[in-house]
Amino acid sequence: MESSLVKDNPLLLAINRQKTIYDGFITVQDQDFRLRIQLPADRQLKQARYKSSPPPHRSLQDTPPIKCSLWLQEVGLKSRPECSSIPPPQYYSQLISEMETLGWDKLLSIDTEFQTLRLKVQDSAGRQHILIIKLKSKHPAEAPECSADLPLPLLITWTPQSTLAQIHHQFLLVLESLTEFWDVLDEIDRQTWILEPEKPSRSDTMRRIAIGNNVSIKVEVDPKHPKMLPECCLLGAELVVTPLRNKLNANMHLWNPDSSLLLNLQDVLEIEFPSPATHEKSAFSVECGICYSYRLEAELPDQVCNNPCCGQPFHQTCLYEWLRALPSSRQSFSVVFGECPYCSKPITVKMPTHQF
């Protein structure tokens with residue numbers, strides 16, 4: 001039975017849910033040898049198939065485990081260049097020991113090479129995070145590569161004596177340093193309609209907040225100083241945007257770093273943002289007047305006709321291609337001048353960046 005196989009060889013682990021494929025090491029005369037075992041559907045060892053690394057000089061197909069062990073005892077494990085990337089046996093022992101200390105409950109997944117780990121981590125606010133650790137074959141002598149969904153680069157201090165538990169602790173400290181940043185953005189996400197990004201991630205620092213029909217503000221929040229005045233860009237028809245821009249400039253001195261970013265924005269703009277409690281998002285998701293869709297890949301219809309009787313929005317790409325195709329339009333450098341497709345009043349659009 002496969003249970004006895006695992007009991008006698010603790011470094012041999014199942015790598016599929018059905019527990020029919022095992023990969024790892026078996027011990028012969030105090031030496032560990034790499035072995036992969038594929039069991040049949042009934043998981044009986046007598047019908048198992050084996051592969052060793054490096055490949056043996058004779059086939060191990062349909063060979064019982066005891067004969068496989070005897071073969072390894074006889075010929076030994078010879079080092080070969082093509083197997084130089086395979087971690088040594090002590091690597092796996094070290095990995096198991098470190099996971100025992102860290103806790104197996106924190107492991108989300110591990111790849112079949114036992115080198116890429118995905119750990120689940122919860123911060124003090126209850127937010128769930130995933131830490132990806134790519135171990136080197138000479139672990140722990142070589143520093144692993146660590147990555148996560150963060151707004152700042154993840155910097156981990158590592159020495160040959162470091163462990164996975166220490167990485168986990170350092171990551172928790174990084175999460176705590178970003179708590180206020182995520183608190184600010186979570187409040188914005190809960191209490192306003194976010195036009196961009198469509199599905200914000202923990203690494204996103206930008207929010208485009210709906211103000212009204214075809215009017216929005218794009219804010220870029222500093223992860224290190226999340227309550228300070230962010231970079232702001234008002235989007236929409238100039239007739240509506242200009243008064244808001246004037247209020248922002250005139251009231252900037254009222255910004256209170258001890259107050260929330262959302263309340264500060266409403267104070268300096270002298271507005272109240274539409275919220276999910278009071279408005280439907282469809283009121284702000286007006287489709288492009290040319291392609292009749294809201295999203296064009298990642299682009300939103302943020303080019304708006306300045307005629308107050310029109311106010312039709314367009315995608316920048318759509319409007320640029322439309323005006324460029326009309327003989328009555330003219331272009332000066334990267335700006336095209338033409339007529340609104342709906343009201344025929346003057347309208348301009350800059351060349352999209354991907355056109356340069």
* Are any side-chain N or O atoms of Asp222 and backbone N or O atoms of Pro226, one a donor and one an acceptor, separated by less than 3.5 Å? -> no
* **Minimum heavy-atom distance Ala210-Ser216, with the two atoms named** => CA-CB, 4.2 Å
* Report, as yes or no, whether the 6.0 Å neighbourhood of atom CD on Glu297 holds more than 12 heavy atoms from other residues, nucleotides or ligands. => no
* Asked: In Å, rounded to the nearest 0.5 Å, how long is the span from CG of Leu319 to SG of Cys291?
  -> 11.5 Å
* **Lys/Arg-Asp/Glu bridge criterion (N-O < 4.0 Å) met for Asp258, Lys227** => no
* Structure fact -> Rounded to the nearest 0.5 angstrom, the CD1-CD1 distance for Ile15 and Ile110 is 11.0 Å
* Structure fact -> To the nearest 0.5 Å, atom CD1 of Ile188 lies from atom CH2 of Trp193 at 15.5 Å
* Give a yes or no on this: more than 12 heavy atoms of other residues, nucleotides or ligands lie within 6.0 Å of atom CE of Met252. => yes
* Asked: For atom CD of Gln18, is the number of surrounding heavy atoms from other residues, nucleotides or ligands below 6.0 Å larger than 12?
  -> yes
* Under a 4.0 Å N-O cut-off, is there an ion pair linking Arg127 with Asp186? -> yes
* Asked: Is Gln316 reaching over with its side chain to a backbone N or O of Lys350, donor-acceptor style, under 3.5 angstrom?
  -> yes
* To do: Would you please classify the geometry between the Phe171 ring and the His129 ring as parallel, tilted or perpendicular, with 30° and 60° separating the classes?
  => perpendicular
* Check whether any side-chain heavy atom of Cys340 sits under 4.5 Å from a side-chain heavy atom of Cys310, and report yes or no. => yes
* Asked: From Leu262 CG over to Ser275 OG, what is the distance, rounded to the nearest 0.5 angstrom?
  -> 10.0 Å
* Asked: Looking only at heavy atoms, which two atoms of Asp23 and Arg36 are closest? And how far apart?
  -> OD2-NE, 2.7 Å
* Residue among Asn251, Ile217, Asn264 satisfying side chain to side chain contact (heavy atoms under 4.5 Å, CB included) with Leu269 -> Ile217
* Do Glu198 and Arg295 sit within salt-bridge range, that is, some charged N less than 4.0 Å from a carboxylate O? -> yes
* Asked: Counting only heavy atoms not in Trp322, do more than 12 fall under 6.0 Å of its CH2?
  -> no
* Step by step, would you call Gln128 with Gln122 a side chain to side chain donor-acceptor pair (under 3.5 Å)? -> CA-CA 5 Å; Gln128 298 295 328; Gln122 180 174 295; 2.5 Å; yes
* Would you say the side-chain atoms of Glu339 and Ser328 include a donor-acceptor pair closer than 3.5 Å? -> no
* Could you tell me how the ring of Tyr92 sits relative to the ring of Phe114: parallel (under 30°), tilted (30 to 60°) or perpendicular (over 60°)? => perpendicular
* Could you tell me how the ring of Tyr91 sits relative to the ring of His139: parallel (under 30°), tilted (30 to 60°) or perpendicular (over 60°)? => perpendicular
* Answer yes or no: does atom NZ of Lys136 have more than 12 heavy-atom neighbours from other residues, nucleotides or ligands under 6.0 Å? => yes
* Charged N-O contact under 4.0 Å between Glu238 and Arg245 -> yes
* **Ion pair check, Arg208 and Glu196, cut-off under 4.0 Å** => yes
* Asked: Distance only, no hydrogens: is a donor on one side chain within 3.5 Å (strictly under) of an acceptor on the other, for Gln166 and Gln170?
  -> no
* Enter the distance from Leu323:CG to Phe314:CZ here, rounded to the nearest 0.5 Å. => 8.5 Å
* Asked: Hey, is Arg324 close enough to Glu321 for a salt bridge, meaning N to O under 4.0 Å?
  -> yes
